[in-house]
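The chain is numbered in sequence order, starting from 1. Hydrogens, waters and symmetry mates are skipped; everything else that's a heavy atom, side chains included, is used. Computed from a predicted model, the values in this text were never measured in an experiment.
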Amino acid sequence: MQVTPHVRAVQVPEDEPMRPGSTNIYLVGSGQTLTIDSGEAIDKFRWMLRGYLAAVERSEIGVAAVTHHHYDHSGNLKDLRAALGAEVAVPDNGVGLLRGRLPADGVQTLHDGAVIDLDDVRVQVLATPGHSVDSLCYYIEEDGVLFTGDTLLGVGTTTVGNLGDYRRSLQRLVELPNLRVICPGHGPLVHDARERLQTYIDHRNMREEQILRVLRRGGPRTSWEIMLKLYPDIDKRLRAAADGNVRAHLEQLRGEGRIRVTPGRKRKPRADVVARRKAKERERRAVIRRAKRFEAAQRRELWRRQEEPPTDTWTRQPTYAIDE
């Protein structure tokens with residue numbers, strides 16, 4: 001999908017509530033292009049992008065950048081390097097978080113204030129921590145296009161790690177000059193960019209007041225109990241994410257001295273239970289690896305059957321000649 005003369009979007013459909021609507025990969029510039037995010041390391045993302053490149057693009061990927069380390073944004077970096085020869089660009093404070101996903105060579109790091117100069121467009125790099133510690137946004141001021149990863153989604157709100165950082169990041173983004181369109185990591189594009197960012201700011205302020213109101217009325221509560229009060233009708237698959245956001249608010253309130261915290265007591269896992277869990281996980285991963293090998297072998301066999309005569313069907317194949 002063409003977004004501006006310099007920007008195209010490849011939107012891969014999703015059915016997971018944490019990825020509302022789609023996971024998005026963006027291509028910027030012409031000739032040696034920049035990609036922003038690359039999707040998870042599964043075939044639907046690889047082939048969607050390759051299919052788009054083959055059918056639509058008249059360019060090659062020069063640099064593959066990511067907005068943050070989460071797997072659904074960075075899983076294909078090795079593949080982009082191996083299959084397409086792209087340079088890989090990642091947050092400078094995210095390298096350790098990307099362990100195992102980076103290629104052996106061709107990796108560069110990005111920091112706040114860096115600029116990616118393409119042949120026909122200039123992309124600014126903005127550090128916007130909050131959703132994750134290494135979150136980056138990318139901004140093309142000429143087009144007014146902001147790439148937000150998971151800092152802002154096309155639908156609903158996002159999960160927050162550090163609320164203080166997140167609020168400061170939102171305020172920075174809402175003040176960008178010439179801001180017109182937000183290209184989020186998931187969901188549809190946002191064409192009321194500044195208004196949506198302000199909505200996110202207002203939402204966090206509202207959620208803080210709701211949490212304080214619950215605590216004033218009901219006495220001490222766990223974050224999970226508060227979450228159930230605030231989100232009575234939430235999709236159950238999103239409860240843990242909502243609890244994480246409540247805890248981010250509570251941590252900021254605690255740091256400001258506005259609430260008191262009675263320490264909890266963590267459950268000490270039994271060594272035998274942990275060992276069984278790890279063994280089961282190793283077994284599961286081994287089964288998945290074997291299944292992938294079987295699948296690859298099956299594909300090779302199907303191709304071989306297209307290339308060789310059907311000797312498994314015929315001991316002697318029919319022959320054909322003109323009847324004279």
Side-chain angles (χ1 to χ4, degrees), residues 17-20 67-70 73 91 93-94 96-97 112 126-137 146 148-176 182 184-187 190 193-269:
M18 292 290 288
R19 306 175 188 177
T67 56
H68 61 299
H69 72 280
H70 290 167
H73 297 261
N93 62 339
L97 300 169
D112 184 53
L126 310 173
T128 53
H131 169 72
S132 67
V133 68
D134 64 331
S135 286
L136 297 178
C137 288
L146 176 66
T148 57
D150 285 352
T151 296
L152 184 143
L153 304 180
V155 175
T157 56
T158 191
T159 56
V160 179
N162 185 298
L163 186 59
D165 285 347
Y166 186 64
R167 282 172 152 160
R168 286 186 286 273
S169 293
L170 291 178
Q171 192 60 45
R172 180 185 188 185
L173 296 177
V174 81
E175 294 171 359
L176 287 172
I182 289 174
H186 302 282
V190 177
R194 212 175 301 278
E195 292 81 358
R196 182 68 67 84
L197 282 163
Q198 187 60 52
T199 297
Y200 263 50
I201 293 169
D202 295 342
H203 178 78
R204 296 270 62 96
N205 294 336
M206 176 198 72
R207 195 63 81 197
E208 178 181 285
E209 183 52 42
Q210 288 178 329
I211 290 170
L212 290 170
R213 192 178 306 130
V214 169
L215 291 175
R216 289 188 193 108
R217 291 178 179 175
R221 293 179 184 270
T222 66
S223 64
W224 194 267
E225 290 169 337
I226 296 170
M227 179 274 296
L228 292 175
K229 286 284 187 182
L230 300 186
Y231 302 89
D233 302 318
I234 195 173
D235 185 324
K236 291 181 180 180
R237 294 172 295 175
L238 295 175
R239 281 180 171 177
D243 179 62
N245 279 358
V246 169
R247 283 187 281 109
H249 275 281
L250 293 170
E251 181 57 28
Q252 184 174 32
L253 290 167
R254 182 203 62 78
E256 295 169 352
R258 300 170 66 187
I259 62 173
R260 68 178 186 277
V261 180
T262 301
R265 185 172 63 252
K266 286 192 173 182
R267 185 184 300 277
K268 186 176 181 180

H73 and H68 aromatic ring geometry - parallel, tilted or perpendicular at 30°/60° bounds:
tilted
Supply the atom-to-atom distance R204 CZ to H249 NE2, rounded to the nearest 0.5 angstrom.
3.5 Å
Quick check for you: to the nearest 0.5 Å, what is the distance between R260 atom CZ and R254 atom CZ?
14.5 Å
Is the shortest side-chain heavy-atom distance between L212 and I259 below 4.5 Å?
yes
Would you mind reporting whether N205 and E208 have side-chain heavy atoms less than 4.5 Å apart?
no
Can you give me the closest heavy-atom contact between L146 and C137, atom names plus distance?
CD1-CB, 3.9 Å
Is D243 salt-bridged to R247, cutoff N-O under 4.0 Å?
yes
Determine yes or no for a side-chain-to-main-chain donor-acceptor pair under 3.5 angstrom, with R239 supplying the side chain and M227 the backbone.
no
Heavy-atom pair of closest approach, residues V261 and P263:
O-CD, 3.6 Å
Given E256 and Q252, is the side chain to side chain contact (heavy atoms under 4.5 Å, CB included) satisfied, shown in steps?
CA-CA 6 Å; E256 295 169 352; Q252 184 174 32; 3.5 Å; yes
Return the CG to NZ distance between L238 and K236, rounded to the nearest 0.5 Å.
12.5 Å
Beyond-backbone contact of L197 with L176, side-chain heavy atoms, under 4.5 angstrom:
no
Side chain to side chain contact (heavy atoms under 4.5 Å, CB included) between L228 and E225, intermediate numbers included
CA-CA 5 Å; L228 292 175; E225 290 169 337; 5.8 Å; no
Side chain of N93, backbone of V133: donor and acceptor closer than 3.5 Å?
yes
Say whether, by atom type as modelled, one donor and one acceptor occur between the side chain of T158 and the main chain of D150 under 3.5 angstrom.
yes
Can T159 and H131 be said to form a side chain to side chain contact (heavy atoms under 4.5 Å, CB included), step by step?
CA-CA 6 Å; T159 56; H131 169 72; 3.1 Å; yes
Which heavy atom of L152 sits nearest to which heavy atom of P184, and what is that distance?
O-CB, 3.3 Å
For the OH atom of Y166 and the CG atom of N245, what is their distance to the nearest 0.5 Å?
8.5 Å
Validation row: L230, I226 side chains within 4.5 angstrom (heavy atoms):
yes
Have Q210 and R207 got a donor and an acceptor in their side chains that come within less than 3.5 Å?
yes
Can you tell if the side chain of L173 reaches within under 4.5 Å of the side chain of I182, non-hydrogen atoms only?
no
Just wondering, do L250 and L215 contact through their side chains at under 4.5 Å, heavy atoms?
yes
Please give me the minimum heavy-atom distance between D112 and L126, naming the atom from each residue.
OD1-CA, 3.5 Å
Taking side chain as C-beta onward, heavy atoms only, is P129 less than 4.5 Å from N162?
no
So do the side chains of P20 and L153 get within less than 4.5 Å of each other, counting heavy atoms only?
yes
CG (D134) and OG1 (T128) are apart, to the nearest 0.5 Å, by 9.5 Å
What are the two closest non-hydrogen atoms of Y200 and T151, and how far apart are they?
CE2-O, 3.7 Å
Determine the minimum heavy-atom distance between P269 and R267, stating which atoms define it.
CD-O, 3.3 Å
